[in-house]
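Throughout, a chain's letter reflects where its sequence line sits, starting with A, and its residues are numbered from 1.
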Amino acid sequence: MSVTRRSLLTNAAMISAGAVLPSLANPAKAQANAIRIGVPTGITGNWAALGQQIQRACRLYAKTINAKGGIDGHSVEFVYEDTQGDPAACMRKTTDLIERGGINLITGIISSPESLAVMPRLNDWNALYLATISGAGSLTAANFVPNVFRTCTSGPMRAKTIADWIADSSKKRFFSIAQDYAWGKSSVATFEKLITDLKKEPVGQVLSPLGTKDYSSYIARIRETNPEVLYIAMAGDDATAFLKQAAQYRLADRMQLVTEVLDIVNIKPLADASVGLYGVSQYNFAYDAPGNAEFVRLFKAEYNEIPDTFEGEQWQALEFLAEAIRRAKSTDTAAVRGALEGMEIDSVKGRVKMRACDHQAEQQVFVAQVGKTEGVPYPVPKIIKAYPAEAVVPGCRKDSY
Amino acid sequence: MGSSQVWLNLTLNTLALASLLAMLTIGLTLIFGIMRIMNFAHGALYMLGAYSGIAAAQLLGNFWIGLLAAPLAAAAFGSIFEYTLLRRLYRRDGGSFLLVTFGLSLVLTEAIRLIFGPNTRDVDLPSVLSGVVWFGDEPYPAYRIFLIALGIVVLASLAFVFLRTRLGLLIRAIAQNAEMTHALGIDVQLIRSLTFAVGCAFAGLGGYLAVPLITGYIGMGGAAIIDAFVIVMIGGMGSFFGSAAGSLLVALTQTFGNYYLPDFALVATYLLMICVLLCRPGGLFGEQE
């Protein structure tokens, strides 16, 4: 018996094709009168760690609200599907949830390309989507659709925050590294324009393909360019790998590192090597607000850990959604959409308003630095300055300033 | 950083990456050479090695324990798999091997995710490896130097076994003509099982060694196996030296490609494969089929 390369490749192709066939399993059967919310998120794949945060927040939310009798007497039920972080798979799973599962409320999609893939269909589906991670500016600008609400911060908002924060610094030369897809590109473009306006100099840029794990060549390029500040727009497992290698090459000794996404999940594996790192903390467990204290208490009791960025962001989205359903007295798409527009809530980040014109939630953005804190065994992002919504949210349906 | 330092930096990066790639592909190519099967589960075993190494190192608080635990765990798991499943398939065609090994890789990956969770994992390096080596005023991670040294030692020992020992002779004999070797009174099955276990052990070791560089994450196996297949194609399927040369070429392309032409980073490796296969359809060290 022998295997030729051709037969091997044919077989390999057949197997790969089989692996992506749609799952035939039905979404969980509905409980009578329950409010069902679809969560097509990354359960496996590059975003699995973020997908876990989404699921943990949803599970805790369902448990908490159902213990109090649900929303106006209706229990809340989440239906999870695995998109593997792939826009095509996300489209398929979302279609399943909506067309076969009869669900009209969607949240928890991770990457911007996945969000952008499903958004054009939402009107035909008569379904709402609350974006909780996807940061690409265009979601609430060029690609705006009425059935999408972004409750989290956007990439341009975070880039603006960092630009404002370094405006006073004497540092002039900036290098950017970002993941090569919608969000990373959007953030770097915004950031470079803003610092150019500040008469500072972007001296170089690298876009790394998603899934890159060896960053040594990029680090060599950064060192050769020798900037004063390195701006990082990376998330997920890639960000962990990059920050780790940056520490091994002692980059922080030569330049200031600022990351647009300062998440516990990325810095935890670095342990003490992450101390001192600056960045944007979209949600911070230590933020002093009544809603946050309660959330952190519930979260610690359930998972014996402090909540990370997207656990907080997802929680904020679910508070928006629940309040909108209460006010609309229904889960009807048009009614909930109407209720969400212009709605203000006291959330885990303080007062947050969902503006009606482009459905971007107006909220403050925190600059944080990694340091040690009492009661947590690993270094965490600590807020050093909060930027109010007025300073960082772009104009309506805009993703630039 | 001056241009000579950039070159030194990139060259060392190439060698460190080549060491990692070689650990993975040599196992793959040995198994192919002697068994004529493409082990799709090799990437999952690489990940199994990484996670068992991390678990052992964390349990005993010692990085070096992981270097022992990772290959042992992968070899043990691989042997059980070979004994219980693969042996039944030797009389069938290559397609059934692909299906079974591919299925195993899915099961194993998912099992690891269920046990360890989806978050990335890391291992603490001992101080001798976590430091830097200075080239002029440029720091270089000591761990990458360690990878290069270890890669050279492993490859040299394997080459010695392959070319200078009776076991190496038998492996080469079985790769050339298993039936004839069997007819001469050699326990072919035993050698096959042994080679499979050794191949898995190297995958496991490679996985654990990759952790301090890229962290351990779900999906590390799938990402690595693609490079490994490309390298095996470039080097020539079943060729030990081809794999070593292929690892070096792919590492060179990726490292220098990412530096000089970052926009072509994704296609560079495949372009290399296409060029090699156009010139030598059997791969650099392989025979044309």
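Aromatic pair A/Y218/B/Y259: ring centres not closer than 6.0 Å.
Proximity to chain B (any heavy atom under 4.5 Å) is shown, for A/L50, by neither the backbone nor the side chain. For B/V6, the part lying near chain A is the side chain, with the backbone staying farther off; criterion is any non-hydrogen pair under 4.5 Å. Heavy-atom distances place the side chain of A/R250, and not its backbone, under 4.5 Å from chain B. Of the atoms belonging to B/V232, not a single heavy atom falls under 4.5 Å from chain A. Using a 4.5 Å cut-off between heavy atoms, A/K244 touches chain B through its side chain atoms alone. At a 4.5 Å heavy-atom cutoff, the contact between B/L213 and chain A is made by backbone and side-chain atoms alike. Only the side chain of B/N9 comes within contact range of chain A, with at least one heavy atom under 4.5 Å from a heavy atom of that chain. Neither the backbone nor the side chain of A/N226 comes within contact range of chain B; no heavy atom of the residue lies under 4.5 Å from a heavy atom of that chain. Contact of B/T14 with chain A is not made at all, since no heavy-atom distance falls under 4.5 Å.
Between chain A and the options B/T109, B/N258, B/L125, heavy-atom pairs under 4.5 Å are most frequent for B/N258. When each of B/A142, B/P212, B/S130 is scored by its heavy-atom pairs under 4.5 Å with chain A, the top score falls to B/P212. Among B/D124, B/T215, B/N119, the residue making the largest number of heavy-atom pairs under 4.5 Å with chain A is B/N119. Interface summary for chain B: among A/A273, A/P209, A/A247, A/A271, the most heavy-atom pairs under 4.5 angstrom belong to A/P209. Taking B/L10, B/L20, B/V132 one by one and counting their heavy-atom pairs under 4.5 Å with chain A, the maximum is reached by B/V132. Among A/G236, A/A220, A/A241, the residue making the largest number of heavy-atom pairs under 4.5 Å with chain B is A/A220. Here B/Y217 is the residue among B/Y217, B/F229, B/Y140 with the most heavy-atom pairs under 4.5 Å with chain A. The greatest number of non-hydrogen atom pairs below 4.5 Å with chain A, out of B/R121, B/R113, B/Q5, is found for B/R113.
No more than 12 heavy atoms of other residues, nucleotides or ligands shown are found within 6.0 angstrom of CZ on B/F264. The 12-atom threshold is not exceeded at CG of A/N304, counting heavy atoms of other residues, nucleotides or ligands nearer than 6.0 Å. Residue A/R59 qualifies as enclosed at atom CZ: its count of foreign heavy atoms under 6.0 Å is above 12. Within 6.0 Å of atom NZ in A/K172, more than 12 heavy atoms from other residues, nucleotides or ligands are found, so the atom counts as buried in its surroundings.
Rounding to the nearest 0.5 Å gives a distance of 7.0 Å between CG of B/D122 and CG of A/L270. We find the CD-CZ distance between B/E138 and A/R254 to be 5.0 Å, quoted to the nearest 0.5 Å.
Side-chain N or O atoms of A/S217 include one that pairs as donor or acceptor with a backbone N or O of B/T255 at under 3.5 Å. No donor-acceptor pair under 3.5 Å is formed between the side chain of B/E110 and the backbone N or O of A/T44.
The minimum heavy-atom distance linking A/Y249 with B/R144 is given by the pair OH-NE, 3.1 Å. Nearest heavy atoms, B/I218 versus A/D237: O-OD2, 4.4 Å. Considering every non-hydrogen atom in both B/P118 and A/A49, the closest pair reads O-CB, 3.9 Å.
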